[in-house]
Protein chains: 2
Amino acid sequence: MSQFQVISLESMRIACRNCSLVNLCLPMGLTPDDVERLDGLIKHNHPLHRGDYLFRRGDHFRSLYIVKTGAVKTFAPSPEGGEQVLGFHLPGEIIGLDAIARACHISSAKVLETSAICEISFAKLETLTAITASLQHQMYRLLSQEIGQNTEMLLLLGRKNAEARLASFLLNLSQRLRRRGLSPSDFYLSMSRHEIGSYLGLAVETVSRVLTRFQDDNMIRVDRKHIELLNFSALMALCDGGGQHRQQQRT
Amino acid sequence: MSQFQVISLESMRIACRNCSLVNLCLPMGLTPDDVERLDGLIKHNHPLHRGDYLFRRGDHFRSLYIVKTGAVKTFAPSPEGGEQVLGFHLPGEIIGLDAIARACHISSAKVLETSAICEISFAKLETLTAITASLQHQMYRLLSQEIGQNTEMLLLLGRKNAEARLASFLLNLSQRLRRRGLSPSDFYLSMSRHEIGSYLGLAVETVSRVLTRFQDDNMIRVDRKHIELLNFSALMALCDGGGQHRQQQRT
DNA sequence: CGCCAAGTTGAACAGTATCAAGAGAAGTGG
DNA sequence: CCACTTCTCTTGATACTGTTCAACTTGGCG
């Protein structure tokens with residue numbers, strides 16, 4: 001059902017060296033020794049299953065989490081019992097950076113499909129980064145990158161229509177999968193239409209309709225959760241497709 | 001015209017000790033000596049005036065900026081010459097954290113009114129935080145806080161109607177001004193209606209209309225750029241005011 | 001086989017954007 | 001100091017995107 005499969009603890013351990021934290025540090029001048037120490041901090045938990053929580057809003061903040069395989073969503077429970085999806089996290093991505101400031105989680109994180117997640121004690125990581133300048137730099141980059149990604153989302157939600165949002169969403173997923181060495185044009189959505197809608201600020205029905213429209217225009221092929229991107233340039237053209245109706249004028 | 005006035009370089013220097021970076025560090029176990037060193041990094045530039053750029057998208061990243069007095073907007077220039085406002089920055093707030101990751105600015109920053117801005121070389125700051133654990137911790141908190149604020153914005157843009165957006169915006173400004181010791185219920189908007197609209201994902205006309213409606217309901221008093229908040233609880237009630245029409249159901 | 005959740009499709013409504021026009025401010029130059 | 005231009009803001013009328021409500025289809029699973 002999904003291309004992300006847990007193989008074995010040993011392969012997980014190997015895979016973890018590809019985690020963004022370790023991975024991104026390698027070219028930054030870390031000695032093998034440093035990498036070893038960093039790797040020593042990483043705790044390899046048992047695989048989690050659909051519906052499991054990594055943490056809940058309000059939980060005390062202890063660790064960062066890195067998705068090794070599978071997918072995770074973060075969301076903010078809204079007053080009326082609903083929930084607003086804040087992000088989807090694919091293999092190689094870090095979860096929990098927003099909790100450092102308050103030392104408690106401001107969002108909840110739930111596993112979307114069977115996933116291998118590793119955990120890094122933030123306290124220990126902080127101690128390590130304090131004595132390893134290049135690792136500290138890496139942490140700054142990581143945090144800053146997260147800010148940049150949120151900024152892109154703001155742009156998306158601020159001034160784009162439903163088609164541009166879906167197109168951006170699909171291309172964004174595609175890009176992140178490619179970075180991870182997975183097919184950028186053929187993948188499974190582990191999240192529901194409802195969750196996509198929540199993430200993009202659209203109603204479920206709109207998500208469904210727009211996907212159908214994309215398929216009718218031969219830009220994608222949809223079969224339930226299986227997505228194939230057929231026409232990248234057309235999708236990219238839609239992304240820029242400006243404001244809610246036409247576009248916004250100068251400020 | 002504005003309550004933010006540049007007085008003198010000396011008072012600026014004193015004021016700078018209230019900058020968030022220094023300020024937030026004080027309770028975190030920095031020795032007076034550390035504070036002194038941090039303070040030494042801070043460069044006090046000449047006052048900037050409306051329309052001046054702090055930096056432009058694409059500029060090489062060198063420094064972080066802290067608003068001492070005045071106001072700054074950050075924005076992403078869009079292809080057709082328009083611009084999407086990403087944030088407004090009031091006294092005590094830091095600008096440029098999103099640029100660390102790529103070492104170049106992904107947004108532009110423009111001064112909205114005569115402002116005193118100080119500058120911190122990021123390279124030097126990084127060196128200092130590498131040898132001062134509590135300062136490193138402070139930097140992590142700062143970056144994480146920025147992520148948290150963006151997250152709030154995502155919530156706002158994702159599922160709120162025009163009234164909720166404006167109400168949240170006003171209350172958010174109010175809160176930030178209060179934190180700074182300024183009046184939380186009586187202030188000037190240094191940004192145009194258009195800029196507010198761009199920030200909130202609304203048309204200028206909608207901003208204008210909703211403000212008028214708020215005034216008609218005696219929740220605020222508006223006179224051009226001068227705003228008085230009259231009924232906080234009513235505004236707060238509007239903030240929760242759910243989805244685009246009613247509210248969103250469970251995921 | 002039948003139930004239940006998830007997804008799709010259709011029709012009507014509603015919130016905002018857009019278009020258009022006018023009223024103030026503010027800034028410019030004589 | 002006063003026209004004149006220009007920009008910002010406001011207000012009204014209309015159009016359109018996307019939500020809402022509702023019914024139906026599909027797939028999963030006991």
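Chain naming here is simple, since letters A, B, ... match the order of the sequence lines and numbering starts at 1 in each.
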Table of protein N/O atoms under 3.5 Å from nucleotides 6-8 of chain C N/O atoms:
unit_1, atom_1, unit_2, atom_2, d
C:dG7, OP1, A:Arg193, N, 3.4
C:dG7, OP1, A:Lys225, NZ, 3.4
C:dG7, OP2, A:Arg193, N, 3.4
C:dT8, OP1, A:Arg193, NH2, 3.2
C:dT8, OP2, A:Arg193, NE, 2.9
C:dT8, OP2, A:Ser208, OG, 2.8
C:dT8, O5', A:Ser208, OG, 3.0

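- For the atom pair B:Leu189 CG and B:Glu113 CD, the distance stands at 10.5 Å (nearest 0.5 Å).
- Sorted by first then second residue, the ring-ring contact (aromatic ring centres under 6.0 Å, His included) pairs that include residues 145-165 of chain B, not counting sequence neighbours, number zero.
- Taking 4.0 Å as the cut-off between side-chain N and carboxylate O, A:Glu83 and A:Lys73 count as a salt-bridged pair.
- The aromatic ring centroids of B:Tyr199 and B:Phe75 lie 6.0 Å or more from each other.
- Rotation axes derived from the C1' atoms of the five outermost pairs at either end of the helix from C:dC1-D:dG30 to C:dG30-D:dC1 lie 40° apart, to the nearest 10°.
- As a whole-Å value, the separation of B:Glu195 CD from D:dC7 C1' is 13 Å.
- Toward the 5' end of DNA chain D, the nearer of the two residues A:Ala162 and A:Asp223, judged by each one's closest nucleotide, is A:Ala162.
- In this structure, CZ of B:Phe214 is placed 14 Å from P of D:dT10, rounded to the nearest angstrom.
- Residue pairs satisfying the salt bridge (charged side-chain N to carboxylate O under 4.0 Å, His left out) criterion with at least one member in residues 44-58 of chain B, sequence neighbours excluded, are absent.
- Rounded to whole angstrom, the span from the CD1 atom of B:Ile196 across to the C1' atom of D:dT10 amounts to 14 Å.
- In this structure, A:Asn161 atom CG and C:dT16 atom P are separated by 17 Å, rounded to whole Å.
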Show me the side-chain donor-acceptor pairs of residues 170-177 of chain A shorter than 3.5 Å, one per line, residues at least two apart or across chains.
unit_1, atom_1, unit_2, atom_2, d
A:Asn172, OD1, A:Arg176, NH1, 2.7
A:Ser174, OG, A:Pro184, O, 2.6
A:Arg176, NE, A:Glu93, OE2, 2.8
A:Arg176, NH2, A:Phe88, O, 2.5
A:Arg176, NH2, A:Glu93, OE1, 2.9

**Prompt:** Run the salt bridge (Lys or Arg N to Asp or Glu O under 4.0 Å) check on B:Lys110 and B:Glu195 step by step: do they pass?
**Reply:** CA-CA 12 Å; B:Lys110 209 172 184 177; B:Glu195 286 162 334; over 6 Å; no
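- Residue pairs meeting the salt bridge (charged side-chain N to carboxylate O under 4.0 Å, His left out) criterion with at least one partner in residues 215-226 of chain A, sequence neighbours excluded, are A:Arg221-A:Glu228.
- Between the CZ atom of A:Arg213 and the P atom of C:dG10 there is a distance of 12 Å, given to the nearest Å.
- Residue B:Leu166 contributes atom CG, which lies 16 Å from atom P of C:dG15 at whole-angstrom precision.
- B:Phe61 and B:Phe55 have their aromatic ring centers separated by at least 6.0 angstrom.
- For the pair B:Leu200 CG and C:dG15 C1', the computed distance is 16 Å after rounding to whole Å.
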